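All of these numbers come straight from a predicted model, not from anything done at the bench.
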Amino acid sequence: MFSGIDEVDWASMEHAYGPADDVPELLRGLASDDPAEREAALDGMYGAVHHQGDVYACTLACIPFLFELVVDPGVQDRGGVVELLTSIGGFDLDEDDEAEIDEDEIEGAANYAMAAAAVTAGAGVFFELIADEDPGVRLAAPLALATLHRHPVRVLALLRERLPVEPDEEVRLALVEAAGRVALRHRPLAERVGKWLGLLASRADSPGLRLAALAQLARCSPDGLPGDVVPVVSGLLREMRSAPEESGGRVEPAGPGTGAPPVGIPAREDDEPEPGSDTTAPPAPAAADSEPVEPVQAVDPEPVASAEAGRGEHVVTPTLVGHLRSLYAQENAGRGAPWAADLLRTLHVGLDDRVGDRTALLADQLRSPDRHQRIDAVRMSGGLIRAWRGPYEELVALVGEQLADPEPRLAEAASHVLEELFGLAAPAADALAARLAADPGGWVKTWAGGPPGLGSTVKALARLGDARAVPALAAALEREQVAHDVGFAVGCLGAAARPLAGVLRRRLADVELDENAYDRASPLLAGLTALRAGEATPEVLRVLRGAPEYRGAWLRTAALRALGAFGPAAREAVPELRALVRRPGTASATEAAEALWAASGDADAVLPVLIEGLESDQVHDRRSAAVALGALGPRAAVVAPRLRGLLAHDELWLRVDAAIALWEVSGRTRETVAALLTAWEQNRHVRVRVAECLARMGPVPEGSAAAHVLRSELVSVRRHNAMDGGYGSHDIHEDEKLLALCRQALRGAGKGSTP
């Protein structure tokens, strides 16, 4: 094994962490008899040689040696190596990607293409591995074939042929998933795959297999789903709960005389191929593209070895792979079918914008007696609400019911989901309050690597504006180190948190103005700002005057924002603010000017400072100046030409701020609305800011471009800020705010409103 490995000039290559001269050791580690060494080597391959999916020259050089490993039956944990090869060779660079590649990315793109070609060229070996004695290899091989092999018809035939004889349930699910992958990658085969999946969904002997078929149908051929998909899936989940632990069991073909063919047989020769599909390959797959092999023989299902057992001995190692494996084991301890959650997630992704069906299915899961199913449903409920708009009152109430469950993971998952919902969490308000009262130890969470933070139940209740969160916030303010997010929670509560002003003021007066002052003072300043607690002006002035050099600019900004929020109640600070605005052109001068205007109303003192800020070299400073000028209204009408000139600036957010300020100082809507609607289409994340302005302008004229844009937003089911593969903790709140602003802007439209 590894013939020629020492002849490769590894030292001349690099991986994510420097010279690649350690790669031969990693490759040899993958073949070690020591499970800890194998795991450490695999971790090194993903961490350095294939770091975050990257392909380097050393990654390409590894490919022949990785193929040697996967075909050697003496090597353990080969399934992990198959998965590694699939990842290395499975990157698709479509035409859009190619058009966007710049000069710095050409080499990387070439590496991806060469990796795909190299792994695809050797993908014939995966045909042999589909019936390997190692269940872990059999588990990884189907997806490798579906992702990498050039002849999808051969792959599909093998998957269908293998299914009736495969003894391991998890591997059978992988065969079905691979069929879905074939259909997604080769759309002319989607109808054929869909018909087969439909048969499996209705006639397979295992409820898990039927659920897997439905999940793949939703992904690749959603029109093939049954009309009553929700009760069908709910029935399968009940069947899985009541059945003994699924370990194997074959997909039995229909008996003689039924008139129905076995659901797991290969495609018949008289199946009509789809246009563009590979029709030259015989039904029996080949180990290499040029040589056919004998059809796969049936496997004696006794004794049945599980795919999990086939992955080798689990050891505790200080690696990312080991950590993830440990987390997976903890998460699935006690589960009879740990793969069920993945199937349901796949199904939900396939159901896409069918919010009603997805909500009904999750509601059924949340009523399940199986806690694991409820944990999965809580998390998937969060994903659904995050991405799609809909009526979620019943679903949220059911999530709230999980807060009372004695299983800590379930209650914790529920509180984290509710924390993100803000006003949508209202149906769970009483459940949150009960949880809060029952668990004072969870009001504040501490971590070794950072400042303490509020518990998710406290945040969820505060974000609802529920006064029952006040005692928890009061307790958090009495701790030696104040939670970093207490100020934001106070802001969400609004007037209900007014009793906390005194303790916020007292704690701010006690803050030592040393290098840690910002961390200690900023949450207190945020709370006082939200409450507009002008009586705290002396304490805020102390911070403003004594801000240390380290992060002092941040601390002064927070103090100036507080003084600006206090308005005329901060008259005591006016002399200090006048001194600060004498340094025009700086960020602090603009912030001081805003606060001075709020406290004194002296436009003559602040206007020159803000005009100079509008000419700053820094886009952020120009934006701040534009916003501040807008707050002056007609008193700043003289800057209208300057603001109009910014409507053509390259920076979109500056254009938006300038357009809004232009309307505020001049009252002219035509230019402002045109600029705002252009920005609306260019960047979805600017829409809340735009809608705020349109709502303040008053009801938009019926039939106008603005009305069309707002109504289109309101009928969209997808949240405007939904992202694939990520989300922000305030995304739901921002989107619900956008919807409310759209309705407000349209309210009364068509009743004589003017442009």
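- Here the side chain of Arg468 pairs no donor or acceptor atom with the backbone of Ala437 at under 3.5 angstrom.
- Using a 4.5 Å cut-off on side-chain heavy atoms (C-beta onward), His685 and Glu734 make no contact.
- Here the CG atom belonging to Leu366 is positioned 8.5 Å from the CD atom belonging to Glu401, to the nearest 0.5 angstrom.
- Rounded to the nearest 0.5 angstrom, Leu504 CG and Leu477 CG are separated by 5.0 Å.
- Within a 6.0 Å sphere centred on CG of Asp617, heavy atoms belonging to other residues, nucleotides or ligands number 12 at most.
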Side-chain donor-acceptor pairs under 3.5 Å in residues 596-605, sequence neighbours left out?
| residue | atom | partner | partner atom | Å |
| --- | --- | --- | --- | --- |
| Ser600 | OG | Leu596 | O | 2.7 |
| Ser600 | OG | Asp602 | N | 3.2 |
| Asp602 | OD1 | Asp604 | N | 3.3 |
| Asp602 | OD1 | Ala605 | N | 3.2 |
| Asp602 | OD2 | Arg578 | NH1 | 3.1 |
| Asp602 | OD2 | Arg578 | NH2 | 3.1 |

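- Atom CG of Leu410 sits about 9.0 Å away from atom CZ of Arg379, to the nearest 0.5 Å.
- With respect to Asp485 and Lys445, no salt bridge is recorded, no charged nitrogen being found less than 4.0 Å from a carboxylate O.
- With a 4.5 Å cut-off on side-chain heavy atoms, Phe488 and Lys459 do not count as touching.
- In this structure, Arg718 forms a cation-pi arrangement with Trp388, its terminal cationic atom sitting closer than 6.0 Å to the ring centre and no more than 45° off the ring axis.
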Residues 555-563, side-chain donor-acceptor partners within the protein, below 3.5 Å, at least two apart:
| residue | atom | partner | partner atom | Å |
| --- | --- | --- | --- | --- |
| Thr557 | OG1 | Ala553 | O | 3.0 |
| Thr557 | OG1 | Glu591 | OE1 | 3.0 |
| Thr557 | OG1 | Glu591 | OE2 | 3.1 |

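- The main-chain N or O of Leu531 is found under 3.5 Å from a side-chain atom of Arg498 such that the two form a donor-acceptor pair.
- Between the side chain of Ser616 and the backbone N or O of Gly613 there is no donor-acceptor pair closer than 3.5 Å.
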Show, in sequence, the C-alpha distance, side-chain angles and deciding distance for Asp735 and Leu739, and conclude whether the side-chain contact (heavy atoms from CB on, under 4.5 Å) test is met.
CA-CA 6 Å; Asp735 185 70; Leu739 296 177; 4.0 Å; yes
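- Put simply, the side chain of Leu607 does not reach to within 4.5 Å of the side chain of Arg635, judged on heavy atoms.
- Rounding to the nearest 0.5 Å gives a distance of 6.0 Å between CG of Leu610 and OG1 of Thr590.
- For the pair Leu524/Glu539, no side-chain contact is recorded, criterion being any heavy-atom separation below 4.5 Å from C-beta on.
- Here CD of Glu713 is found 11.0 Å from CG of Leu746. Values are rounded to the nearest 0.5 Å.
- Summarising the local packing, CZ of Arg532 is surrounded by 12 or fewer heavy atoms from other residues, nucleotides or ligands at distances under 6.0 Å.
- Within 6.0 Å of CD on Glu512 lie no more than 12 heavy atoms contributed by other residues, nucleotides or ligands.
- The side-chain heavy atoms of Leu541 and Thr537, taken from C-beta on, include a pair separated by under 4.5 Å.
- One finds no salt bridge joining Arg386 and Asp731 here, because no Lys/Arg side-chain nitrogen approaches an Asp/Glu carboxylate oxygen to under 4.0 Å.
- A salt bridge does not link Asp510 with Arg520: none of the charged nitrogens is closer than 4.0 Å to a carboxylate oxygen.
- Looking at Arg622, its side chain does come within 3.5 Å of a backbone N or O of Leu614 through a donor-acceptor pair.
- Glu671 has a carboxylate O that lies under 4.0 Å from a charged side-chain N of Arg644, or vice versa, which qualifies the two as a salt bridge.
- Proximity of a side-chain donor or acceptor of Arg463 to a complementary backbone N or O of Glu419 within less than 3.5 Å is detected.
- Counting only heavy atoms from C-beta outward, the side chains of Leu654 and Leu646 approach each other to under 4.5 Å.
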Full working for side-chain contact (heavy atoms from CB on, under 4.5 Å) between Tyr392 and Leu384
CA-CA 10 Å; Tyr392 293 121; Leu384 172 64; 3.8 Å; yes
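- Remark: the His720 side chain and the Arg684 side chain contain no N/O donor-acceptor pair separated by less than 3.5 Å.
- With hydrogens and angles disregarded, no donor-acceptor distance shorter than 3.5 Å links the side chain of Thr672 to the backbone of Ile660.
- One finds the CZ atom of Arg551 at 8.0 Å from the OG atom of Ser522 (value rounded to the nearest 0.5 Å).
- Nearest heavy atoms, Ala530 versus Gly491: CB-CA, 3.4 Å.
- The environment of His730 atom NE2 is dense: over 12 non-hydrogen atoms of other residues, nucleotides or ligands sit within 6.0 angstrom.
- Side chains of Ile385 and Glu420 form no contact here, defined as non-hydrogen atoms less than 4.5 Å apart.
- For the residue pair Val470 and Ala497, the shortest heavy atom distance occurs at CG2-CA, 4.4 Å.
- The shortest non-hydrogen separation linking Leu662 to Ala640 is CD1-O, 3.6 Å.
- Between Glu736 and Arg719, at least one side-chain N (NZ, or NE/NH1/NH2) sits under 4.0 Å from a carboxylate O, which counts as a salt bridge.
- Between Ala679 and Val656, the shortest heavy-atom distance links the atoms CB-CG2, 3.5 Å.
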The test is side-chain contact (heavy atoms from CB on, under 4.5 Å); show your working for Leu473 and Leu454 and say whether it passes.
CA-CA 8 Å; Leu473 296 180; Leu454 297 173; 3.7 Å; yes
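- Nearest approach of Ser716 to Arg389, heavy atoms of both residues: O-NH1, 3.1 Å.
- One finds a salt bridge joining Glu478 and Arg506 here, because a Lys/Arg side-chain nitrogen approaches an Asp/Glu carboxylate oxygen to under 4.0 Å.
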What verdict does the side-chain contact (heavy atoms from CB on, under 4.5 Å) test give for Thr359 and Glu394, after you've listed the backbone C-alpha separation in whole Å, the side-chain angles of each residue and the deciding distance to 0.1 Å?
CA-CA 9 Å; Thr359 302; Glu394 179 189 16; 5.6 Å; no
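- Here the closest non-hydrogen pair linking Cys693 and Trp663 is SG-CE3, 4.0 Å.
- His620 has its side chain out of reach of Arg623: every pair of non-hydrogen atoms, C-beta onward, lies at least 4.5 Å apart.
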